Amino acid sequence: MYKRQAEKFASPIRDLDIYLSLFDEFASRLDQAHRASLRPLYEYLKDQKAAKQWQMRTALESTRYKKLMENWKSFLAHKQAHQDLPSSAGHPIREIAAIRIAELYREILSLGRELNEESNAEALVALHQTSKKLGYHLELFHSLFPRKKVARLMEAQLSLQENLNSFHDLNLQHDALLEYRHKMQQEQRTMPVWLETMDLLVEDRERECRKARREFPERFKKLAGKKMQKQFRSLLEDREMKGRGTA
C-alpha cells in the first residue's frame, strides 16, 4: 500500500524528468531543420512536470498522508515474533539464494527460447523483468559462490541485460512520444511541423527497437547456451568451497 501511494505521485515526475533529460539525444537524432521544432514538446513536458509536482505536494500535505506515515512508523517499530518467521529463515543464505537464482535462470531460459524478432514487446518486457531480478540476486550474493564461476555467469547476464534495457527504454520512449503527441493535439498545442518532428522521433525509436531485437539472439545465446548451462549447474551444485568468494 505504501509503495503504491509513493509510485502514484513520484513515478510520473520521474518519467518526465527522464524525458526532459533526453532532449539532447533526441535533437542529435534529427536533422538541423527539425531540431528547433522540439522546443514546444520540451515546454509541454515542463508544464506537465510542474502540474504533477503540485499534485504531489498537495497529497503530501494531506491528513491522509500524515496518517499513512504514522502507521508506517508503527509498522517498522513492531518486532516480529520468532514464530512468525518463514521456515526458510533457519536455512543458510547460500542455499536459499542458490534456489532462487536457479528458478530465475530457468525462467529466463523458458521465456527467451520463445522469442524472436517478431515477438511482441510485452514478451521482451517480461524477460527484461526476470533478467533484472537475476542480476540483482547475482550482484547481492555473488560473494557466496566461487569467484571465477559466478563471474562468467554475471558477464553473460549483464550482456543480455544491456540489450533488454535498451529495448525496454526505447519502447517506453516510443510509446510516450505517441502519447504526448496525442495530448498536445487534444490541447491544441501543435503545429504541423511540431507533429512532423515528433513523428520522426517515433520512427527513430522504432528503428532502434528493431536493432535491439536483432541483437537479442546472440546476447541470449551467451547466457542460455549449453556450455553456460553446464557452468551454471556446476556453480549452484558446488559444495567444496573453502571460503567465501574462493575459486
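Atoms considered below: every heavy atom in the structure, side chains included; atoms not considered: hydrogens, waters and symmetry mates. Everything numeric here is computed off the predicted structure, so don't read it as measured data.
- The pair Asp47-Arg189 counts as a salt bridge, with a side-chain nitrogen and a carboxylate oxygen less than 4.0 angstrom apart.
- The structure places CD of Glu114 at 11.5 Å from CG of Leu109, a figure rounded to the nearest 0.5 Å.
- Asp31 CG: more than 12 foreign heavy atoms inside a 6.0 Å radius.
- With respect to the salt-bridge test (charged N to carboxylate O, under 4.0 angstrom), the residues Glu70 and Lys73 do not qualify.
- Between Gln157 and Ser131, the side chains place a donor N or O and an acceptor N or O closer than 3.5 Å (distance only, hydrogens not considered).
- Between Phe232 and Leu223 there is no side-chain heavy-atom pair separated by less than 4.5 Å.
- Applying the 4.5 Å side-chain rule to ILVMFWY residues, one finds Leu16, Ile18, Tyr19, Leu20, Leu22, Phe23, Phe26, Leu30, Leu38, Leu41, Tyr42, Tyr44, Leu45, Leu172, Leu177, Leu178, Met184, Leu195, Met198, Leu200, Leu201, Val202 in the same cluster as Tyr180.
- With respect to Lys183 and Glu187, no salt bridge is recorded, no charged nitrogen being found less than 4.0 Å from a carboxylate O.
- With a 4.5 Å cut-off on side-chain heavy atoms, Phe141 and Arg100 do not count as touching.
- Taking 4.5 Å as the limit, some side-chain heavy atom of Lys211 sits within range of a side-chain heavy atom of Glu208.
- Between Glu25 and Arg205, at least one side-chain N (NZ, or NE/NH1/NH2) sits under 4.0 Å from a carboxylate O, which counts as a salt bridge.
- For the pair Met56 and Ile13, the minimum side-chain heavy-atom distance is below 4.5 Å.
- Using a 4.5 Å cut-off on side-chain heavy atoms (C-beta onward), Leu124 and Arg213 make contact.
- Using a 4.0 Å cut-off between charged side-chain N and carboxylate O, Asp204 and Arg207 make a salt bridge.
- Among pairs with a residue in residues 191-217, those fulfilling ring pair (Phe, Tyr, Trp, His ring centres under 6.0 Å) read Phe216-Phe220, at least two apart in sequence or across chains.
- At a threshold of 4.5 Å between non-hydrogen side-chain atoms, the residues Met154 and Glu139 count as touching.
- With 3.5 Å as the limit, one finds no donor-acceptor pair spanning the side chains of Asn171 and His168.
- A salt bridge links Glu61 and Arg57; the closest N-O separation between the charged side-chain nitrogens and carboxylate oxygens is under 4.0 Å.
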